[in-house]
*Asks:* 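To start, I am sharing the structure in question, which I have written as structure tokens.
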Amino acid sequence: MQIQKEGYEVLWTDFGFQLSIFLSYNPFELTHLMEYAYSPYSQQKQAQKRGGKLSKIKLPKGVKKWVGIIIGILVLILFILYLMLGELRFFANHFFGLTFFSKNYVVILQNDYELRPGGGFITGYGEISTFMGFPGDLAFKNSYEIDTKSYVTPPYPHEELLKNEWYQGYTFRDANWDPNFPGSAEELIKFYQEKFPEKDVDGLIVVNFSLIEALIDELGSVSLNGKELTRNNLFSELEFEVNNIDRHNVDDLQNRKNILGELAVELISKAKRHPFKTRDLLVKGLNNKNLYLWLENERLQKKLAEKEWANSMEPIERNDFLAVNLANLGSKKADRYVQTEVYYYANITKELPEITTEVTIRYPGFINTYSDNYKGYLRLYIPKGADVTQLPLDSQEQGEGEFKMIGTKIILPAGSKTSLSYTYTLPRNIFLHDQYQLRLIKQSGSETFYKLTVETAEGKLMESDTFDTRENRALFMGKLENDIDLALQILPDTTPPYPIEQEFEDLTHINIIWNEPMDSVTANNPQNFSIADLNQNNENTDEVNVIYTELIQPNIIQLEVEGITEQALEYYRIDMNGLKDQTGIQILPSPKSITVVQRIKPKSEVLEIRLGEIPQTEDAPAIE
């Protein structure tokens, strides 16, 4: 039997009734529902349906009222807890999809001070299983335990930069090689299930060392093995524990990173005592890619990507795109000290927009216990339709899915720097009319600083919520905390053009330089110009005619004239009428007058070499 009453739905079952609350809620009205549910009439109807006898149900006096109050309080508490989750409500909303029945998740620990495409070298892994919504224990192990049965050929240039007497080829700990992490997830799971074929993987949870540092910094120090670990000494103490072993002892090598498991237990204990700080740190980690996930459930994975919690590279139609990705291959923890800066210049005044990207990597100081001279691989991901015109020496260029990839090996001794420059053009149809949009991808674990300049035609103005616009230029500077979409709008030109300089090239040519590109039709019409001698410094009057005009550069009009005699520093008035810029805005006023002074620039002495002749010098003998 189903009853509907003022926003409630009561479903009667053989075992009692189930309350489903929607729209509005008033716990005291539950007593009226209960009176109806337990009334003789309702029970009789239910008994008739079952073909059985009616059993009387009697509640003690006052119980009905208190049941309603208790249920109301419980719902209120759950609702408050739900609100307190903040952005983590995403996981509460999908709780059953993430945890119900049997689920198995692999937790991956990355050291972002040894930077890799997915965020850092994979130093350890953990396993956490859930059953019917309840999580099991979390245990961490050394990533070196996941080995391969045979040598797997690694992607370029792993073998070249990493190979030594201990190198084992491509393994689980190096398999976060695809900057688009869903691609790496497939490789990681393949290695994991080769080692543990009986285990399913429902998702990957990736944690960077920087997040662990942030947790200790905010939640307080952690006691481990008799030592007090803070953010300041965490790195050095863990490095000591990991490396203070006999490297020829197999057991020592296998157990050397199990300290991470002990650290995780302590951190989880502290997190339970500081739920709000922990919530904020986890959300920040998700947003800055020090924490991200991959899920086998395609629907939930898509939602993760939409929230930018999946470390995926998603292109946008008709957008510029840039991802700068650096991999440390054999430099120990040198990324703790290396500084990377990207300068990006987009010239969108040309028929095909031209992009120049310069990546500068600085490695100040000297190598120490934790670092070595830098060896790595830098990859740029740009739009697939880009036409690359300039590359660093020995770079590789190839298509990868929706992108074009340019890869360059890096060999950088400590105490030096290198700059790599890339130039390419983009198809004009990649942009919407009078709009420019750029998606910048942050590499997980990186602290790269960006300086961007976008330039449009002179005389144009721009507006933007993400760029700092200054006349016909838009600027962006800062360290990327997450992926970012930058956009600007080029405003309609409403400002008349004006000349910024005029000069004699010789007695028959005068150049007028404008503040912006000019319209060729009005510029190439000699009737729009006239010149008069002002006789300011010479009484001789030149009768000047404009016989030809030409737009020799987008913003330079050249007048070819006759009748001007040599009168140094004499003043002439040029009258111009009806001239327009490229967008059709006419000069104001029209006609407009400007003054030009007769200063003829001396031509540089040019050594003319005629065919068959060789210029002689005092030191070189003549050739007969």
*Asks:* Using atom types as modelled and distance alone, determine if a side-chain donor or acceptor of K404 lies under 3.5 Å from a backbone N or O of A386.
*Replies:* yes

*Asks:* Do the ring planes of F121 and Y144 sit parallel (below 30°), tilted (30 to 60°) or perpendicular (above 60°)?
*Replies:* tilted

*Asks:* Can you confirm if the NZ or CZ of K163 lies within 45° of the ring axis of Y167 and under 6.0 Å from the centre of its six-membered ring?
*Replies:* no

*Asks:* Taking all non-hydrogen atoms of both residues into account, name the closest pair between Q301 and P182 and its distance.
*Replies:* NE2-CG, 4.0 Å

*Asks:* Between Y170 and A175, what is the shortest heavy-atom contact and its length?
*Replies:* OH-CA, 3.4 Å

*Asks:* Whether the Q489 and Q435 side chains hold a donor-acceptor pair (N or O, under 3.5 Å, no angle test) is what I'd like checked.
*Replies:* yes

*Asks:* To the nearest 0.5 Å, how far apart are CG in L211 and CG in L291?
*Replies:* 6.0 Å

*Asks:* Stepwise, does the side chain to side chain contact (heavy atoms under 4.5 Å, CB included) test hold for Y422 with L391?
*Replies:* CA-CA 5 Å; Y422 308 80; L391 289 175; 3.9 Å; yes

*Asks:* Can you measure from CZ (F191) to CG (D174) and round to the nearest 0.5 angstrom?
*Replies:* 8.5 Å

*Asks:* How about D485 and T466: does a side-chain donor come under 3.5 Å of a side-chain acceptor?
*Replies:* no

*Asks:* Show the nearest heavy-atom pair for residues R428 and I348, with the distance to one decimal.
*Replies:* NH2-O, 3.6 Å

*Asks:* Tell me whether the NZ or CZ atom of R336 lies within the 45° cone about the ring axis of Y113 and under 6.0 Å from its centre.
*Replies:* yes

*Asks:* Which residues pass the side-chain hydrogen bond (donor to acceptor under 3.5 Å, both in side chains) test with Q443, not counting sequence neighbours?
*Replies:* none

*Asks:* Looking only at the side chains, is there a donor atom on one of D493 and T583 sitting less than 3.5 Å from an acceptor on the other?
*Replies:* yes

*Asks:* Per the salt bridge (Lys or Arg N to Asp or Glu O under 4.0 Å) rule, what does the pair list look like for residues 285-301, sequence neighbours excluded?
*Replies:* K289-D483

*Asks:* Applying side-chain hydrogen bond (donor to acceptor under 3.5 Å, both in side chains), can you list everything that pairs with E160, at least two apart in sequence or on another chain?
*Replies:* K409

*Asks:* Does S236 have any side-chain hydrogen bond (donor to acceptor under 3.5 Å, both in side chains) partners at least two apart in sequence or in another chain, and if so, which?
*Replies:* none

*Asks:* Sequence neighbours excluded, which residues qualify as salt bridge (charged side-chain N to carboxylate O under 4.0 Å, His left out) partners of R379?
*Replies:* none

*Asks:* Using a strict threshold of under 4.0 Å (side-chain N to carboxylate O), is an ion pair present between K190 and E187?
*Replies:* yes

*Asks:* Going by an N to O cut-off under 4.0 Å, is there a salt bridge joining E516 and K460?
*Replies:* no

*Asks:* Heavy atoms only: give me the nearest I216-L229 pair and the separation to one decimal.
*Replies:* CG2-O, 3.7 Å

*Asks:* Pairs in or reaching into residues 362-396: which pass ring-ring contact (aromatic ring centres under 6.0 Å, His included), with residues at least two apart or in two chains?
*Replies:* Y156-Y377, F235-Y370

*Asks:* Testing T357, T356, D387 one by one against Y424 for a side-chain contact (heavy atoms from CB on, under 4.5 Å), which residue passes?
*Replies:* T357

*Asks:* The criterion is side-chain hydrogen bond (donor to acceptor under 3.5 Å, both in side chains); which residues satisfy it with E159, sequence neighbours excluded?
*Replies:* Y151

*Asks:* Using a strict 4.0 Å threshold on nitrogen-to-oxygen distance, state whether K333 and E114 make a salt bridge.
*Replies:* yes

*Asks:* Between the side chains of N180 and S312, is a donor N or O closer than 3.5 angstrom to an acceptor N or O?
*Replies:* no

*Asks:* Just grab all the side-chain hydrogen bond (donor to acceptor under 3.5 Å, both in side chains) pairs involving residues 469-479, residues at least two apart or on different chains.
*Replies:* E455-R473, D468-R470

*Asks:* Do you know which two heavy atoms are closest between S419 and T360, and how far apart they sit?
*Replies:* OG-OG1, 2.9 Å

*Asks:* Would you say the side chains of D112 and S210 form a donor-acceptor pair under 3.5 Å?
*Replies:* yes

*Asks:* Which residues pass the side chain to side chain contact (heavy atoms under 4.5 Å, CB included) test with A185, sequence neighbours left out?
*Replies:* F181, L204, W294

*Asks:* Does the side chain of Q110 pick up a donor-acceptor pair with the side chain of N176 at under 3.5 Å?
*Replies:* yes

*Asks:* With respect to K284, which candidate in L286, L282, N288 satisfies the side-chain contact (heavy atoms from CB on, under 4.5 Å) definition?
*Replies:* N288

*Asks:* Kindly write out the residues that satisfy side chain to side chain contact (heavy atoms under 4.5 Å, CB included) with N347, not counting sequence neighbours, or none if the list is empty.
*Replies:* Y345, T349, K350

*Asks:* What ring-ring contact (aromatic ring centres under 6.0 Å, His included) pairs are there with at least one residue in residues 394-418, not counting sequence neighbours?
*Replies:* F321-F403

*Asks:* Quick one: closest heavy-atom pair of N104 and D200, and the distance?
*Replies:* ND2-O, 2.7 Å

*Asks:* Going by the salt bridge (Lys or Arg N to Asp or Glu O under 4.0 Å) test, which pairs reach into residues 317-327, not counting sequence neighbours?
*Replies:* none

*Asks:* Check the pair Y343, V359 against side chain to side chain contact (heavy atoms under 4.5 Å, CB included), reporting the backbone distance first and the verdict last.
*Replies:* CA-CA 6 Å; Y343 173 71; V359 182; over 6 Å; no

